[in-house]
Every structure is written in structure tokens, then in C-alpha cells.
Amino acid sequence: DGVLNTVLPLRQASNVMVVLGRLGRGPEELRLAVAEGRDSGLSREDLQALSSVMPEPTDLDAVRAAYGSGAPPPAGQLPPADAFYVELLAVPRPGAKVEALLLRREFDDAHAAVMAQAATLVSAMSEARGSEQLGRILEIILALGNILNRGGSGERPAKASGHGHKLASLAKLTDTRSASKNTTLLHYLAKTVEGKSTELLHFAGTLPNLAGGAKVVVPQLEREAEELERGAAALAEEMRLAREAGEAFAGEVGPFADGVARRAADLASRRAQLAEEAKALAEAFGEQPPTLAKAEEVLRLLQDFVTAFQRAAADNARSKAAKAQIARASSYAKRAASPTQ
């Protein structure tokens with residue numbers, strides 16, 4: 001019955017009634033919470049629900065036309081949705097205020113998550129560019145590739161450019177198998193690396209953030225960062241207007257807004273650092289265009305290579321141990337079978 005006499009669209013009025021019922025608060029109490037920014041009794045989910053039924057300008061126009069701008073009829077005589085919107089007529093920019101209150105509940109965790117992921121990416125990219133051991137591994141791969149590609153043809157070997165190897169070709173190492181089909185070129189690479197340096201065999205230790213960086217979904221991170229920046233900009237505008245008008249909302253939400261402005265600046269700085277690091281990484285590995293998306297691809301290809309290399313090295317170690325065990329058993333059998341002196 002609460003929507004029968006409403007001046008609002010029926011679906012809108014019904015949605016407002018559902019939210020009001022969930023919140024268990026009257027229109028006047030909600031109006032004060034929004035106008036003054038005193039939302040301690042409202043959960044994050046409550047604010048999300050409230051945000052979903054904030055009036056459009058046309059809704060407020062309909063309520064204003066129906067009930068006038070003077071003293072409205074008692075709330076009990078109005079449909080619930082109409083009564084709520086009549087209360088909101090006295091609140092400047094109610095939707096922007098609810099969004100500011102919702103941002104106050106969500107910003108800290110979201111900002112920390114985005115900054116942490118961006119920091120992991122920056123570290124992973126910096127490590128990949130600066131790892132001398134990774135560079136040596138790629139040089140060995142290039143040399144092996146030249147040997148295979150020449151095939152006795154007498155062609156001159158390729159020269160390294162940057163790290164000297166197109167990363168996409170790293171995956172081919174696992175596809176090139178020996179005549180026995182039991183090992184790949186990657187197994188041979190691991191054996192070659194071990195022969196040169198046991199320390200080099202564990203080059204992944206110079207890339208502690210690679211696995212974490214490769215897990216970051218960059219487009220999602222960018223969307224979340226942009227959403228935080230839009231929220232911070234909208235909050236700054238609402239605070240500017242509220243402060244100019246001397247609203248109570250400005251005093252209540254002001255300290256939070258000032259902190260958001262500082263952290264939004266930190267986020268912008270970190271994103272700029274990430275973009276620079278991504279460009280440098282893509283260029284170092286010969287990937288074009290040198291974008292964040294290309295850098296993301298580099299990290300994932302490197303992580304796949306590291307995982308496959310470690311697996312091949314472990315296979316080699318098991319094979320070596322098995323051969324040693326067979327050799328010991330054979331030696332023991334020979335000694336046991338030989339006549340005693």
C-alpha cells in the first residue's frame with residue numbers, strides 16, 4: 001500500500017521502501033545521518049543500499065512539485081519513499097554525500113591493496129631488469145639457439161640485443177625434445193647452467209617478487225586505481241562545496257577527505273613509477289610497444305620459464321641421483337660376485 005499514492009515511479013518507490021525497511025530508520029534520522037556525515041550506526045552494506053536509492057533530479061522535482069518547498073505534510077501521511085525524498089530536499093547533493101560516506105568505509109582497504117600490488121609489480125620489474133644472473137641465463141639460451149639454428153650451415157650467429165632473446169621463444173625450450181623423447185632442451189639448458197655455476201642454477205633467487213608480480217591482473221589493478229582516483233576527486237569537490245556553504249558535513253568528513261587527498265597523490269605517484277618501470281622493462285626485453293600490458297606479459301613469460309626451468313633442474317637432479325644409485329648397486333654387485341682373495 002505504501003507505493004499506491006506515490007508521485008515517484010512505482011519501481012523506484014518500491015526499491016526505496018525495501019531499503020528503508022532494511023535500515024530500520026525513519027526518513028528524518030537518515031536525513032540527519034547524510035546531511036551531517038554521522039553514519040556510525042550504518043554498515044558498509046547499509047550505505048551501499050542507501051546509495052542505490054538516492055534520488056535523481058527528476059525524482060526530487062516530482063516530490064517538490066507535489067508537496068511544495070514549504071513544510072511538508074507529516075511523514076505518516078506520505079508514502080514512505082516520498083517522505084524520505086521530502087527529507088532529502090533539505091540536503092544539498094545527498095547522493096554525493098552518501099558516496100563520500102561509502103568511500104570513507106572502503107578507501108583504506110582498497111587503497112592499501114592497490115598500493116601493495118603496484119609495489120610488487122615495481123619490485124618484480126626492477127628485479128627482472130637488474131638480475132645479472134637472469135641476463136647470463138638468457139645469454140646461454142641465445143648461444144644454444146644459435147647452435148641449433150646454424151645446424152652446421154655456416155651462418156653467422158645472432159647477436160644479443162638488450163637481453164638478447166625474444167621472451168616468447170622461451171616456451172619453445174620445453175617443446176624441443178631429444179631423440180629419446182624423455183628430455184627437452186630445457187633439461188639440457190639446466191645441465192649446462194649447472195656445469196657453469198651452481199649459484200647460477202638458482203638464479204630465481206634474484207627474482208623474489210616475480211611470482212607475486214606475475215599474479216597481478218594489471219587491467220583490474222588499473223580499474224581499481226582509477227576508481228579510487230575518481231572517488232577521491234568526487235570527494236574533494238563535495239568537500240569544496242560543503243566547506244563554502246559551512247555545512248556540518250564538512251566538519252565531520254573533512255579530516256578523512258584531507259587524508260584521502262594525500263593518499264590519492266601517493267597513488268598517482270606510484271602509478272607513474274609503475275608506468276616508467278614497465279616501459280623500461282619492455283624495452284630491456286625488446287618488447288614493443290613498451291607499455292604496461294607488455295610488461296605484464298614479460299613477467300608472466302618469465303615466471304612460466306622460471307617454473308619450467310626449476311622443474312627441469314629437479315628432473316636432472318633426480319636422474320643424476322638415480323644413475324648414481326644404479327652405479328653404486330652395480331659396483332656392490334661386482335664386488336660381491338668377485339672371488340675372495
Side-chain angles (χ1 to χ4, degrees), residues 110-111 113-146 148-149 155-176 185-186 189 203-204 206-233 263-309:
H111 179 268
V114 167
M115 290 290 282
Q117 289 187 75
T120 297
L121 279 173
V122 168
S123 296
M125 293 175 184
S126 177
E127 291 163 4
R129 283 196 306 116
S131 172
E132 293 183 6
Q133 292 188 12
L134 175 60
R136 290 174 63 190
I137 291 289
L138 294 178
E139 288 174 1
I140 294 171
I141 294 172
L142 180 63
L144 291 177
N146 284 332
L148 291 175
N149 290 334
E155 294 179 7
R156 297 179 63 184
K159 294 183 179 180
S161 174
H163 279 292
H165 202 77
K166 286 292 185 180
L167 292 174
S169 64
L170 291 179
K172 297 178 182 178
L173 291 171
T174 60
D175 297 331
T176 306
L185 186 58
L186 198 57
L189 171 65
F203 75 94
T206 65
L207 307 168
N209 287 287
L210 176 60
K215 291 178 182 177
V216 176
V217 181
V218 170
Q220 179 180 337
L221 177 64
E222 286 288 277
R223 286 193 298 270
E224 292 172 354
E226 290 167 1
E227 183 176 345
L228 285 173
E229 291 179 347
R230 285 194 298 270
R263 284 179 288 173
D266 291 341
L267 177 58
S269 176
R270 178 55 58 86
R271 291 184 71 192
Q273 180 188 16
L274 178 57
E276 291 177 3
E277 193 64 50
K279 181 176 183 292
L281 178 69
E283 289 178 340
F285 283 87
E287 296 296 308
Q288 295 295 331
T291 61
L292 186 55
K294 278 294 182 181
E296 176 187 25
E297 184 179 335
V298 168
L299 291 182
R300 290 185 178 175
L301 286 168
L302 282 175
Q303 177 57 27
D304 289 345
F305 167 69
V306 167
T307 300
F309 181 90

Leu302 and Leu207: CA distance, side-chain angles, deciding distance, side chain to side chain contact (heavy atoms under 4.5 Å, CB included) verdict: CA-CA 10 Å; Leu302 282 175; Leu207 307 168; 5.9 Å; no

Can you give me the closest heavy-atom contact between Phe309 and Leu186, atom names plus distance? N-CD2, 3.7 Å

Of all residues at least two apart in sequence or in a different chain, which pass the side chain to side chain donor-acceptor pair (under 3.5 Å) check with Arg223? none

Could I get the full list of salt bridge (charged side-chain N to carboxylate O under 4.0 Å, His left out) partners for Glu276, not counting sequence neighbours? none

Is Leu134 close to Val306 at the side-chain level, that is, under 4.5 Å between some pair of heavy atoms? no

Sub-3.5 Å donor-acceptor pair from the side chain of Thr120 to the main-chain atoms of Ala116, do we have one? yes

Heavy-atom check, side chain of Leu189 versus side chain of Leu185, under 4.5 Å: no

In short, Met125 meets Leu281 closest at the heavy-atom pair CG-CD2, 3.6 Å

Any Val114 side-chain heavy atom under 4.5 Å of Leu267 side chain: yes

Cationic N near anionic O, under 4.0 Å, Arg300 to Glu296: yes

Regarding Gln303 and Thr307, do their side chains bring together a donor and an acceptor under 3.5 Å, going by distance alone? yes

Show your reasoning for whether side chain to side chain contact (heavy atoms under 4.5 Å, CB included) applies to Glu224 and Gln117. CA-CA 11 Å; Glu224 292 172 354; Gln117 289 187 75; 4.1 Å; yes

Checking Arg270 against Val122 for the side chain to side chain contact (heavy atoms under 4.5 Å, CB included) test, could you report, in this order, the C-alpha distance in whole Å, the side-chain angles of both residues, the deciding distance, and whether it holds? CA-CA 9 Å; Arg270 178 55 58 86; Val122 168; 4.3 Å; yes

If you look at every heavy atom in Ala124 and Gly213, which pair is closest and at what distance? CB-CA, 4.1 Å

Do Leu301 and Val298 touch side chain to side chain, with heavy atoms closer than 4.5 Å? no

So do the side chains of Arg271 and Glu229 get within less than 4.5 Å of each other, counting heavy atoms only? yes

If only atom types and distance count, is the side chain of Gln133 paired as donor or acceptor with the main-chain N or O of Thr206 below 3.5 Å? no

What is the minimum heavy-atom distance between Ala264 and Ala232, and which atoms define it? CB-CB, 3.8 Å

In plain terms, say whether Glu297 and Lys294 are close enough for a salt bridge, that is, a side-chain N and a carboxylate O under 4.0 Å apart. yes

CD of Glu222 to CG of Leu274, rounded to nearest 0.5 Å, is 7.0 Å

Check the surroundings of atom CD in Glu227: do more than 12 heavy atoms from other residues, nucleotides or ligands lie under 6.0 Å from it? no

Would the distance check show the side chain of Ser123 and the main-chain N or O of Ala119 forming a donor-acceptor pair, the cut-off being under 3.5 Å? yes

Would you mind reporting whether Leu221 and Leu121 have side-chain heavy atoms less than 4.5 Å apart? yes

